[in-house]
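Data block below; observations after.
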Amino acid sequence: MEKIVTAENGVMLLNHFNLHIFRGEIMGLIAISRHGLESLIELICRNVPLYYGSVYFDEKLVNSYALSPLTRNKVAVIEKQFSLIENLTVADNIYVMRRGFKKYIIHSKTLNSQFKMFAMDAGVDLHGEQQVQGLTYYEKCVVELLKAIIGGVKLVIIRDISNFISTTDLIKFHQLMQTYTGSGVSFLYICNHHQEAYSICDKICLMENGKALKVLGKDEFKEEKILPFTNEFYKNYHERQALPQWMNDFPWVYRGKKGEGFDNEKPQTPLKNGQRVLEFCNVSSGNINKLTFDVKAGECVVLLDKNNTVYIDILALMNFERKPQQGQILLNGEVLAKKAFQTLGFIPEKPIRNLLFKEMSYFDNMCFTADKKLRPFWMRSAIRKSIVKEYEPIIGPDIHARDITKLSIQSLYSLVYYRIHLQNPKVVICVNPFFEGDMAMRLQIRNLIKMLLDKKMAVLILAVNLSDSLLIADRLLVLEKGTLINELYSGEYHKLTENPQ
């Protein structure tokens, strides 16, 4: 891609963007801001009109400002929103649903047999007759990759994969990627963390506001090379401590210097003797196996699931969709019951999409859960005026916005957390809060979580990878196969190397 310029509604998305990916290469892409990222992915996949520049694919000019044929390139995208059809088998998804399949009679045994040979060569334990809906995220990623390889794809875009498959599975997927680079397949690996990209990529492109700032070669994969392009989010965390073996495979975990605290503030005092707000007492349910832990008032606990198997079970228990098969869950010392629902706050993955109502104003969205504690809330204008008076100095003029679709992503993320701040629950459960956030966004989310902690809420983060979670965590709980295998307080993370589990 050479000097690409794209725009939408008068806003420039890609600004003289250059990118070169060679055969069999894994090119990393780190978006310091995600502006223009969607346009870039679309342009790689499909030859849509552009304002300026040229696109070459397989050494042929396929798109330019003079002629955009709207054809598709041999590119596949692997992201959390899979393109697989859940009710079909693996073999059907790979062979029958591919472009150019013209047979009228489908011989399932033949397709399964072909897939079996292909899976054996790839070293993956999958069968053609398996239903896609029963596969794990990792297995679906593998099926997507195999589908791309069998379909003759030249370039595979891997997008934010560490946000939805476990750390253990990510190692295996990286190995599979490297296997196919040997046969000439290229990858564009989009992620948020440069250390994650360091572990797998041959080169890394840094992108900000639709422009390629710099391309780092493998010999430049050093902290001092990337720090000038990051914001203050990382600049206080440039010293990475030694990690245990299983975490060394994912060295994009940043920690403050030993003895230092959050953003050079005073070290955080471990809340070992604080008031217990949420307690799991020997709980078993689904994939959870005799899980015991607690979260205290004003404490942030990160629950890292190495296998990505228990989060759905924990959310189902906290949402009262099921009861523990064994043990009990306590909230403020009492068995968790539906009447306690108003004292719980949930921030799901992609909260803007899942929590906000675009038909409602900023203020109405923010106060949406206020009537959980004050039933006549909507009838009393004096209270609403009081809330505006309290929050306007913090939020600014956005609090008066009637149409939230015109607000920035940053403002909408703040709206989600201010809703929780106003609701003031005892416990807040955040699912992958840093998912899809660029560097600036993750800094903002960290500060918003800190705002909840300052109000003495207990925050439980359910994370698939550590990502930025340790920057805010008071305590880390590591789960493997539904069982707690390690527990460390802030400032004790270096002990992981002394007592590896």
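Keep in mind that what you see is a predicted model, and the values were worked out from it rather than measured. Note that the numbering runs from 1 along the sequence shown for the chain.
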Partner residues of Asp160 under the salt bridge (charged side-chain N to carboxylate O under 4.0 Å, His left out) criterion, sequence neighbours left out: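 Once residues adjacent in sequence are excluded, the partners of Asp160 under the salt bridge (charged side-chain N to carboxylate O under 4.0 Å, His left out) criterion are Arg34.
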So how far is it from [X] [atom1] to [Y] [atom2], rounded to the nearest 0.5 Å?
X	Y	atom1	atom2	value
Leu477	Thr292	CG	OG1	11.0 Å
Ile41	Ile157	CD1	CD1	5.5 Å
Glu390	Leu422	CD	CG	7.5 Å
Leu126	Leu135	CG	CG	6.5 Å
Leu407	Leu415	CG	CG	8.0 Å

Verdict with reasoning, Lys426 to Glu279, per salt bridge (Lys or Arg N to Asp or Glu O under 4.0 Å): CA-CA 12 Å; Lys426 297 291 184 185; Glu279 296 176 72; over 6 Å; no
Kindly give the heavy-atom pair with the smallest separation between [X] and [Y], and that separation in Å.
X	Y	answer
Leu170	Glu196	CD2-OE2, 4.3 Å
Phe346	Leu355	O-CD1, 3.8 Å
Val277	Ala458	CB-CB, 4.2 Å
Thr89	Glu129	CG2-O, 3.6 Å
Tyr413	Gln444	CB-NE2, 4.3 Å
Ser39	Leu13	CB-CD1, 3.8 Å

Exercise answer: donor-acceptor pairs, residues 324-332 side-chain atoms, under 3.5 Å, sequence neighbours excluded:
none

Is there a donor-acceptor contact under 3.5 Å from the side chain of [X] to the main chain of [Y]?
X	Y	value
Asn93	Ile85	yes
Asn112	Ser108	yes
Asn287	Thr309	yes
Ser33	Asn209	yes
Gln178	Gln175	no
Asp474	Cys300	yes
Asp294	Arg276	no
Asn319	Leu315	yes

Pair Lys296-Gln275, side-chain contact (heavy atoms from CB on, under 4.5 Å): steps then yes or no: CA-CA 5 Å; Lys296 301 176 179 65; Gln275 176 193 351; 5.8 Å; no
Do [X] and [Y] touch side chain to side chain, with heavy atoms closer than 4.5 Å?
X	Y	value
Cys430	Leu460	no
Leu29	Leu40	yes
Ile78	Val156	yes
Asn424	Lys455	yes
Glu79	Ile158	no
Phe187	Cys201	no
Val124	Phe118	no
Ile472	Leu453	yes

Full working for side-chain contact (heavy atoms from CB on, under 4.5 Å) between Ile30 and Asn192: CA-CA 6 Å; Ile30 297 174; Asn192 293 325; over 6 Å; no
Salt bridge (Lys or Arg N to Asp or Glu O under 4.0 Å) evaluation trace for Asp313 with Arg322: CA-CA 9 Å; Asp313 297 318; Arg322 71 170 74 152; 2.6 Å; yes
Chi angles and distances behind the side-chain contact (heavy atoms from CB on, under 4.5 Å) call for Ser186, Ile26: CA-CA 6 Å; Ser186 305; Ile26 302 178; over 6 Å; no
Aromatic ring pairing Phe173/Tyr138, orientation class (parallel under 30°, perpendicular over 60°, tilted between):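 Phe173 and Tyr138: perpendicular rings.
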Phe357 and Phe368 aromatic ring geometry - parallel, tilted or perpendicular at 30°/60° bounds: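 Rings of Phe368 and Phe357: tilted, as their planes differ by 30° to 60°.
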NZ/NE/NH1/NH2 to OD/OE distance under 4.0 Å, Lys140 and Glu86: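 Between Glu86 and Lys140 there is a salt bridge, with a charged N closer than 4.0 Å to a carboxylate O.
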More than 12 heavy atoms from other groups under 6.0 Å of [atom1] on [X]:
X	atom1	value
Glu334	CD	no
Lys116	NZ	no
Lys350	NZ	yes
Asp125	CG	no
Lys80	NZ	yes
Tyr198	OH	yes
Ile312	CD1	no

Set of ring-ring contact (aromatic ring centres under 6.0 Å, His included) partners for Tyr189, sequence neighbours left out: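 Partners of Tyr189 by the ring-ring contact (aromatic ring centres under 6.0 Å, His included) criterion, ordered by chain and then number, come out as His174.
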Between Tyr391 and His421, ring centroids under 6.0 Å: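 Distance test on ring centres: under 6.0 Å, yes.
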Option from Leu412, Leu356, Val416 for which side-chain contact (heavy atoms from CB on, under 4.5 Å) with Asn365 holds: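 Among Leu412, Leu356, Val416, the one that satisfies the side-chain contact (heavy atoms from CB on, under 4.5 Å) with Asn365 is Leu356.
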Derivation and outcome, salt bridge (Lys or Arg N to Asp or Glu O under 4.0 Å), residues Asp305 and Lys481: CA-CA 8 Å; Asp305 181 9; Lys481 297 179 180 177; over 6 Å; no
Derivation of the salt bridge (Lys or Arg N to Asp or Glu O under 4.0 Å) call for Glu144 and Lys147: CA-CA 5 Å; Glu144 289 269 33; Lys147 180 181 178 182; 5.0 Å; no
From CA spacing to verdict: side-chain contact (heavy atoms from CB on, under 4.5 Å), Ile314, Leu303: CA-CA 11 Å; Ile314 290 177; Leu303 203 62; 3.3 Å; yes
